[in-house]
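The figures here come from the full heavy-atom set of this structure, side chains too, leaving out hydrogens, waters and symmetry mates.
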Number of protein chains: 2
Amino acid sequence: MKLLYAEDERSLSEAVVDILTFHKYTVDAVFDGQDALDYAEMGDYDAIILDIMMPKKNGLEVLQALRAKGIQTPVLLLTAKSEIEDRITGLDLGADDYLPKPFAMGELLARIRAMLRRRESFTPNLLTLGNLSLNQQSYELTVGGKSELLPKLEYQILELLLLNKGIFLSTEDILVKVWGYDTDADVGVVWVYLSYLRKRLAGLGADVQIKAKRGIGYTLEVQP
Amino acid sequence: MKLLYAEDERSLSEAVVDILTFHKYTVDAVFDGQDALDYAEMGDYDAIILDIMMPKKNGLEVLQALRAKGIQTPVLLLTAKSEIEDRITGLDLGADDYLPKPFAMGELLARIRAMLRRRESFTPNLLTLGNLSLNQQSYELTVGGKSELLPKLEYQILELLLLNKGIFLSTEDILVKVWGYDTDADVGVVWVYLSYLRKRLAGLGADVQIKAKRGIGYTLEVQP
DNA sequence: TCCGGGATTTAATGTTATATTAAGGTAAAG
DNA sequence: CTTTACCTTAATATAACATTAAATCCCGGA
């Protein structure tokens, strides 16, 4: 577990880092708000601990900037001022928890654990082959950095092919699985969608192709 | 974290226990109200999940008996009946939360976490994404400094979307979760409320949008 | 009890992504 | 060389979605 800890008071920082390290966390320590922001954007941390009072940018500003950039890493705010105002503001800005100073190390550890636990539940369901991956929850097809949200039928066909790697599926197979057993659609429509998919894969620069075998069917093939 | 789970439908129980176990909870499963009560009195659980419809004693009776004995363990009620009556009764009897069946595992996990968190600290129960936060206790939606108290249906839809970040929910999903599986309302009403929510989010200057994908559903998306 | 106003639903109308159709091409098998 | 399975594109149709306004419900106060 990798944490970012932003705290300008050196002696406190040192002590906390020691203890966190002892508890098997990997910790990066920074000492002002600007560094905190830069580090947070770069490294992928499992959680971020932000002091509110810091030079250059305060913790709330850092938090706001992070959320504005869509970075959803859990954040625990620390502050010496136990005033309710900060607390409200922090939580409104998207902090996950809040701990007033001075705090006991046990309490800090408990909050970090709680925060990490809370986030663990997202497990995207990905189908991958070659350099492409298909998210079964978001319907997103990703190749390299680029993503596209697939229309339903394209998604269903691609999913079907990915679930049957190495197996040839006939147009009838695809028609039945995607359009349903009792459809009256023509096989031509399958060809149309395979064509769309091929164009899309090429456009994204995928190293995966839809390979056809006359009279047998289709399968995905990774390019060398 | 140790949970007690009372549910008479074996296949559901088994599945839920598996997932909870996977998420590091220790789970005791019982299959009727009497057992639920006996176990709850003995073991010290961090939370109890009670189905309402159960043999011997129903969930509401178990809850009432527990509170009568001064046992304050947090209780989450489950029920197939989407009727408001049960909800009121349950909350009056001292339930901490309520989840109508059928539910997504993500929702159940979120509610359990919320319940546990509520006990361990007085952190308000906030769902956040981008620059918005939704208070699950007060129904307040906050963006920047501004807050608005949401009408019930708008609140429920937004909560549902926030509990299912990254997942597309179809209009039918939303209809079933919010209006109940036995509603005779038309999907049009979902569109209307999504429209209201969009207008409200825009009015508050949220950087979160409700994104629609034809034939698939809706999800929240943070603007860059 | 009736009334007023917010909450919810219905209805009517507009918009557009995407599913389907149609038609004209290519190339593999025999 | 012919057949036919396969491929692609473009035009069209359709149902899903979006918005607004008007109608109805429902609840608390007078």
Does Lys199(A) have a side-chain nitrogen or oxygen under 4.0 Å from the phosphate oxygens OP1 or OP2 of dT9(D)?
yes
Residues from residues 150-181 of chain A sitting under 4.0 Å of DNA chain D, heavy atoms only?
none
Separation of dC7(D) C1' from Gln209(A) CD (nearest whole Å):
14 Å
With a cut-off of 6.0 Å (strictly less than), are more than 12 heavy atoms of other residues, nucleotides or ligands near CD of Glu14(B)?
no
Using a cut-off of less than 4.0 Å, is there contact between a side-chain N or O of Tyr218(B) and OP1 or OP2 of dA18(D)?
yes
What do you reckon, is NZ of Lys57(B) surrounded by more than 12 foreign heavy atoms closer than 6.0 Å?
no
Kindly compute the distance separating CG (Leu158(A)) from CG (Leu194(A)), expressed to the nearest 0.5 Å.
10.0 Å
Roughly, in whole Å, what's the span from CH2 in Trp191(B) to P in dA15(D)?
12 Å
Can you check nucleotides 22-29 of chain C for protein contacts, nitrogen or oxygen pairs under 3.5 Å, and list what you find?
none

For Lys165(A), I'd like to know if atom NZ has over 12 heavy atoms of other residues, nucleotides or ligands within 6.0 Å.
yes
Find the distance Leu194(B):CG to dT8(C):P and express it as a whole number of Å.
14 Å
Residue whose nearest DNA chain C nucleotide is more 5′ - Lys213(B) or Tyr196(B):
Tyr196(B)
NZ (Lys199(B)) with more than 12 external heavy atoms under 6.0 Å
no
Could you state the atom-to-atom distance from CG of Leu149(B) to P of dG6(C) in whole Å?
13 Å
Just wondering, more than 12 heavy atoms not from Lys177(A) lying within 6.0 Å of its NZ?
no
Within a reach of under 6.0 Å around CZ of Phe31(B), are more than 12 heavy atoms found that belong to other residues, nucleotides or ligands?
yes
In terms of relative ring orientation, are Tyr139(B) and Tyr155(B) parallel, tilted or perpendicular, with 30° and 60° separating the classes?
parallel
Closest-nucleotide 5' rank along DNA chain D - winner of Ile216(B) and Ile216(A):
Ile216(A)
So Val189(B) and Leu175(B), side-chain contact (heavy atoms from CB on, under 4.5 Å) or not? Walk me through it.
CA-CA 9 Å; Val189(B) 74; Leu175(B) 201 59; 4.1 Å; yes
Side chain of Val189(A) only, heavy atoms from C-beta on: which candidate in dT9(C), dA18(D), dT21(C) is closest?
dT21(C)
In whole Å, I'd like the distance from the CG atom of Asp186(A) to the P atom of dC7(D).
15 Å
Rounded to the nearest Å, what distance is computed from the OH atom of residue Tyr193(B) to the C1' atom of nucleotide dA21(D)?
14 Å
For Leu201(A) and dT8(D), what is the distance between atoms CG and P respectively, to the nearest whole Å?
12 Å
